[in-house]
Each structure stands twice: as C-alpha cells, then as structure tokens.
Amino acid sequence: MCGRTSCHLPKDVLARACAYRDRQGRQRLPEWRDPDKYCPSYNKSPQSSSPVLLSRLHFEKGADSSERIIAPMRWGLVPSWFKESDPSKLKFNTSNCRSDTIMEKHSFKVPLGKGRRCVVLADGFYEWQRCVVTSQRQPYFIYFPQAKTEKSGNVGAVDSPEHWEKVWDNWRLLTMAGIFDCWESPEGDLLYSYTIITVDSCKSLNDIHPRMPAILDGEEEVSKWLDFGGVSAQEALKLIHPTENIAFHPVSCVVNNTRNNTPECLAPLNLLVKKELKASGSSQKMMQWLTTKSPKKEEPKTPPKAESDVPRWSSQVLQKSPLPTKRGGAGLLERWLKPEKEEPVAKRPHHE
C-alpha cells in the first residue's frame, strides 16, 4: 500500500522537475491548474491535496493530448456517482487501488474506462516495517535512485534551447500511476480526487511491506500512461508492475505523526546506532536548496556534525534484501546532507 508521501517543492520548481517533450518534440513545462490549492509538505497523508500530472485534453476539448497539466487533487478517490453531500462520508478506503482488482471495483473501473489516468508526483513515499519480535514499526523513505549531476546554476533559465538540458538536474521525482475522478457536490462545486495503483512489492522492498505503488519508470512510460486517447486502458495496464529500480533508507519515527512537517521526516537514520540527523549542520545545508519557500524551516539546535558523524545510507540494515550497489540512490541526497561552502546570500538561487 501507499499511505504517506513527501512532495515539498515550491510550485515553480515542481514544474521544472516535470519538463517534457510534446508530440512535436518541443521541450515544455506543464502548466498549473489551481496552483493556489497546492500545499508543499514533507508528510502528506490521504485526504490531503497532492499534485498530479494529466493530459490537457481532460480540461480542454480539442487540446493536444500530449500537453500536460499539473493539478492539485484530493488523495482518496471520490466516485462521480457518490450521492452524499460530504465526501468524508465515503465508507470505503480509496487512497489505493489494487492492480489485480482494478477491473472489478466499480469505483475504479469506470474512471479507468473513461481514460482518467494520472501520474502522482512525490519526492518519495514512506512505508513501515513491523518488527516481529517487538511489534514496533520502523519507517522508511523510498524513492528513485538518483544520478549525480553537476548543478548548472541556471535551473530558472528556460527561455532558450541551450538551457533546456539543464533545466532540471536535481532530485528525480517519483512518478506513480494513478486514476482520478470528478465529483460534483449538491452546490455544484467540482472535486477532483485520485487513487494510487498498487502492486506486489519488488524483492528489495518485500521485507518492508508486501505492497508498493505502481511506479512509472521513465518518460516513455509516463507518456503512455497519460495518453488516454492513443493508448487503450488494456495497453496502459501492461505498464503496471513492480520495479526494482528503487532506493530507500530508514527515517525517524517523527514521520508517524502527520502534524510533523519538517525535513527531519525524510532525513536518514542510522539504525545501527539509533542516531538521527537533526535539521542542523549537514542536514541544514540540504535544506538551503530543498526548502526554499517550503512549508517550515527550523533553526539549528545543535552544532554541525563532522563528516564521519553522518549516518551511512541504506538498506544494508535489511539483511534479506539489500539493494544492488549499482542502484544506490543515496548519493545525491547524501551530498545535500553534507556541509558545503556557504555562498553569499545575494548569489543564492531563489525559486518564486
């Protein structure tokens, strides 16, 4: 299952992270719909609003179906046929949709048949591993492996072709397959909502949880899933399967409380010594980029840690299913977590 995610980027930065090519091969940024409804957060739960990608054709008749929109939607699909006046009165959980029963459940089969496919955007998602002996649960942050790149310093420059290749060279967003629907209230207000499709977990995640989101790995898969006009539902469902292209690390139990919305939610935790990274020192450097105009910033409470004090990444704590070393995705985030040379305030990049 998938019941908690992180998506903290400001809306203009999030759009740059979703740069794509349209049907004519032109480099584009998706346009926002209702951007004021988007609230960045390190700790998103069902019934909150999260950003999804979808085809412009869903909103504009005659539009190029390859053009994309980013729209905030309620997490937890409210079927269009729901008769109550309050969507919270829906008596069954629709935050996730199992791939093996998607064609059996009326709530999911109908919007899928109408082509209402979307891509749910996130930094990553959280999952909890239960200890058989103590029954305690250890949270993990799960995300795409990250490629090391040189920062261009021009992430805001999108007006000329030579800048497009470097329009986004930072954290790779996780792209999860979803279905959305549109419910109309008795007052005539429209509510867009979505569900995340889930599959059996891949081998490397199976020791944490038996289910995982259906992850669309790469631009080709994202394009096919969104192209409801050119790709039938039957063909699109062939994209729904577990992927081993994943990385993860343990995090603090602070994420257990949905009211906690700080960078500490996704900071690495060394389970061998039970030492957490605080929002100071090395992790504070990560926040200088990650939390520009983000939900909340905290002042350092402890002196900076030495480099040797930074916890090692990884999944090596899961003895049965360590990640292949070639897929190590902690490098980029770990680089953000290490101290860097301070830049003059006037030269720091500013998003928004």
Side-chain angles (χ1 to χ4, degrees), residues 1-9 39-51 74-76 88 93-96 120-144 171 174 176 195-196 198 201 204-213 215 246-280 282-284 286-287 290-291 294-302 310-318 321 329-330 333-334 336-337:
M1 62 174 293
C2 178
R4 204 77 65 77
T5 65
S6 170
C7 191
H8 81 282
L9 295 177
C39 296
S41 174
Y42 294 99
N43 199 351
K44 286 185 172 291
S45 59
Q47 297 190 28
S48 65
S49 178
S50 295
R74 179 189 187 271
W75 184 2
S88 65
N93 188 342
T94 58
S95 58
N96 290 165
V120 183
L121 302 172
D123 312 321
F125 70 98
Y126 300 98
E127 196 53 85
W128 282 258
Q129 180 189 43
R130 184 177 295 279
C131 176
V132 177
V133 178
T134 65
S135 293
Q136 294 181 336
R137 300 199 306 161
Q138 172 59 50
Y140 286 81
F141 183 57
I142 304 166
Y143 49 96
F144 267 138
W171 192 261
L174 198 66
M176 299 174 284
T195 183
I196 296 175
T198 64
S201 280
S204 54
L205 289 183
N206 197 51
D207 288 335
I208 297 178
H209 198 277
R211 304 288 295 178
M212 68 181 294
I215 295 170
I246 208 72
F248 57 91
H249 63 258
V251 295
S252 166
C253 288
V254 71
V255 74
N256 292 358
N257 190 329
T258 57
R259 291 191 296 270
N260 293 330
N261 177 21
T262 70
E264 188 180 3
C265 290
L266 49 72
L269 174 72
N270 189 337
L271 294 181
L272 300 180
V273 296
K274 293 291 183 180
K275 183 179 293 185
E276 298 179 29
L277 283 175
K278 303 297 183 182
S280 60
S282 57
S283 59
Q284 190 69 17
M286 168 187 171
M287 299 318 136
L290 287 180
T291 62
S294 66
K296 183 185 293 186
K297 294 185 181 180
E298 295 186 352
E299 292 298 324
K301 296 180 181 178
T302 58
V310 177
R312 285 188 306 148
W313 284 87
S314 108
S315 13
Q316 69 238 20
V317 295
L318 295 178
S321 58
L333 185 53
E334 188 173 18
W336 288 337
L337 289 169

Task: V251 and E264: CA distance, side-chain angles, deciding distance, side chain to side chain contact (heavy atoms under 4.5 Å, CB included) verdict - done: CA-CA 8 Å; V251 295; E264 188 180 3; over 6 Å; no
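- Using a 30° and 60° split on the angle between ring planes, F248 and Y140 fall in the perpendicular class, above 60°.
- Between I208 atom CD1 and S201 atom OG the span is 8.5 Å, to the nearest 0.5 Å.
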TODO: Test S204 against I246 for side chain to side chain contact (heavy atoms under 4.5 Å, CB included), laying out the working first.
DONE: CA-CA 8 Å; S204 54; I246 208 72; 3.8 Å; yes
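- Within the model, atoms CE of M176 and CG of N96 stand 9.5 Å from one another, a figure rounded to the nearest 0.5 Å.
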Open item on the list: Apply side chain to side chain contact (heavy atoms under 4.5 Å, CB included) to residues F125 and S6 and explain how you reach the verdict.
Closed with: CA-CA 6 Å; F125 70 98; S6 170; over 6 Å; no
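- Checked by atom type and distance alone, the side chain of K44 never pairs as donor or acceptor with a backbone atom of A122 at under 3.5 Å.
- With sequence neighbours excluded, the residues that form a side chain to side chain contact (heavy atoms under 4.5 Å, CB included) with S49 are P72.
- Listed here is the closest heavy atom pair of I142 and L174: O-CD2, 4.2 Å.
- Checked by atom type and distance alone, the side chain of R137 never pairs as donor or acceptor with a backbone atom of R130 at under 3.5 Å.
- Once rounded to the nearest 0.5 Å, the distance linking CG of D207 with CD of Q129 reads 6.5 Å.
- Proximity of a side-chain donor or acceptor of W75 to a complementary backbone N or O of S95 within less than 3.5 Å is detected.
- Ring centers of H249 and Y143: under 6.0 Å apart, within the cut-off.
- Atom OG of residue S252 and atom CD of residue Q138 lie 8.5 Å apart, to the nearest 0.5 angstrom.
- Atom CG of N43 is separated from atom OG of S48 by 9.0 Å, given to the nearest 0.5 angstrom.
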Open item on the list: side chain to side chain contact (heavy atoms under 4.5 Å, CB included) for Y42 and N260? Distances and angles first, verdict last.
Closed with: CA-CA 8 Å; Y42 294 99; N260 293 330; over 6 Å; no
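- If you take SG on C253 and CH2 on W128, they are separated by 9.5 Å, rounding to the nearest 0.5 Å.
- Nearest approach of P213 to I196, heavy atoms of both residues: CB-CG2, 3.9 Å.
- Using a 3.5 Å distance cut-off with no hydrogens or angles, the side chains of T198 and R211 do pair a donor with an acceptor.
- No side-chain donor-acceptor contact under 3.5 Å links T5 to the backbone of G124.
- Of all heavy-atom pairs between P139 and V255, the closest is CB-CG1, 3.7 Å.
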